[in-house]
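One structure is given here, and the rest of the page talks about it.
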Amino acid sequence: MADVRVRIAPSPTGPLHIGTARTALYNYLHARHVGGTFILRLEDTDQARSSIAYEKDILDGLHWLGLTWDEGPEVAGDAAKGPHAPYRQMERLELYAEAARQLLAGDKAYPCYCTPDELAAERARQEAAREPPRYWGRCATLTQEERAAFEAEGRRPAIRFRVGEGTVAFDDTIRGHVEIDVANLGGDFVIVRADGSPLYHFVVVVDDAEMAITDVIRGEDHLSNTPKHILLFRALGHELPRFGHLPLILNPDRSKMSKRKSQTALSDYIAQGFIREALVNYLALLGWATGTEEEILSLEEIVLRFDIADVHKGGAVFDRERLEWLNGQWIRRLSSEDLIDRLRPFVAAEHEAGRIDRMPGDEELTALLPVVRDRLPTLGAIGDLAGFLWVDRLDVDTGVLVPKRWDRKTAVEGLTAAAATIDAAAEVAFEADELEPPLRALAEERGWKAGDLFMAIRVAVTGRTATPPLFDTLVALGRERTLERLRAAIELLERSPVIVDGT
RNA sequence: GCCCCCAUCGUCUAGAGGCCUAGGACGCCACCCUUUCAAGGUGGAGAUCAGGGGUUCGAAUCCCCUUGGGGGCACCA
């Protein structure tokens, strides 16, 4: 399959949607697998809803995923890439105007003078009569005189495409043979608004034709629209591309994944600390499988194995838990330097948000990595996991400071003895290996379960019951702060009134 | 309403007529490891392959119907 050309054509009317990201990925995978060309085109004809901020979010998202395009618009001073520039539809208006003139000249399209109000009234009537909504064709057969009369009224015409009769059939790369009767298309449809701006179904065809797209790979929501596109391709005298319709990504209730019911913006996943390797891996496996039992796959490995014909037909529910698991798998596979680079912005975010009081240096993070790595489902979890290391004043809940099997008095004794033991051990070296034995010995000597002693210390120095391994944590904290927090905890226990008993 | 598409454990999926008393993964449960939490290891529960008819010696796999779900029917994309 030489000379395959595919495209992703997002419209900058919202942040990059997880579904668009997957469509982009599948297009990219197909292009790379067969050695074809991957094109990015911006569909910004809906000027009312398009924005430059969304455009940036989309481009950044695709870059972040590693889906580099071979042809695409100029961005941030970099010139457009590719022989079919410009790649922004608002800069291609002349092309559409020319195509519209061509259709009008061949009477494959006609001016329609129906007003929005008239159209709405007719639609309401159809709905009331329980008829399927369709344009009833009032302007399809207007004479020159009638058109002139409307023009004289000051009406500006939209342009409608004649769908004609018959059935349109095509062989979908993913779904196989599909056939739709033109009568079910909803009548002649508008391709150019009354204000002269072209509409989606029209521009997509003009552009796919002009850009010589060979494979249109897109979401299933376009399957029913494909006959319109095919009709347009033919009317314009262009060869048809192959069409492949991807299954939809679904909300847990199996409806099309939406902002209302799911987190759909890729940028939100990025902000929470999902990493590109995991997202790419997860998205690739949502609707496609290798046929083997391998599932942790890099983008390169997926490119090698991907075959558009193996893509599923049924929709797939987006399962965040599985994504988190994959994310953890990938975080564990990152090199230390890489992980630190990716972690730093998340630590900085904690700092900016005021949840921690200082930024740890690289050496500190590096030292922490071994104990933190297996405990990070996302990069964003770093604050929860280790934030206590970087705060000046720790908030400790007296309630959890006393281990379940202990009473308050024992806790005070335990922490006091632990502080002394730690202080003594630190004279040798403040290292995990030096701290653990004497503390275990202390517990044994006093008849305490080591776990209880450790838990009291853990809560005293971290404020929480779930933390990385205790001795590594103490080392990360440093001798001074460890002792300081131990003293503060003891004081807290002695000072606070006894409310509950058993203590 | 009309048209189109889809249908294997809760979820993602393997499966292209006999290898399936349906395999893997996530999640869940138990155990092991263990100072907590994870990670890791082992084991388990979990799908009469939506239902019903065919075809065939034989069907999760092919055909038909039913049911269920989804999508589309804009001067949105």
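Just so we're on the same page: letters track the sequence lines, and every chain starts at 1. Side chains are part of it too, since the values below use all heavy atoms of this structure and drop only hydrogens, waters and symmetry mates.
- When the P atom is compared between B:U36 and B:G71, the two are found 47 Å apart, to the nearest whole Å.
- As rounded to the nearest Å, B:C64 and B:U55 have C1' atoms that lie 11 Å from one another.
- A:Thr45 comes within 4.0 angstrom of sugar-phosphate atoms only, judged by non-hydrogen atoms across all strands, and of no base.
- Side-chain atoms of A:Arg322 and base atoms of B:A25 include a donor and an acceptor less than 3.5 Å apart.
- Across the strands present, B:A7 finds its partner in B:U67; the criterion is a Watson-Crick or G-U wobble pair with both atom distances under 3.5 angstrom.
- When heavy atoms are screened at a 4.0 angstrom cut-off, A:Glu324 is found touching no nucleic acid atom at all.
- Atoms CD and CD1, from A:Glu277 and A:Ile296 in turn, are 12.0 Å apart once rounded to the nearest 0.5 Å.
- For the segment residues 244-260 of chain A, the set of residues with a heavy atom within less than 4.0 Å of an atom of RNA chain B comprises A:Leu248, A:Arg254, A:Ser255, A:Lys256, in numerical order.
- Base pairing of B:G27 is not made with any nucleotide, judged by Watson-Crick or G-U wobble geometry with both donor-acceptor distances under 3.5 Å.
- If you check every strand for non-hydrogen atoms under 4.0 Å, A:Arg134 touches nothing.
- Counting any heavy atom pair closer than 4.0 Å across all strands shown, A:Leu285 reaches sugar-phosphate atoms only and no base atom.
- Under the Watson-Crick or G-U wobble criterion, with both distances below 3.5 Å, B:G1 is paired with B:C73.
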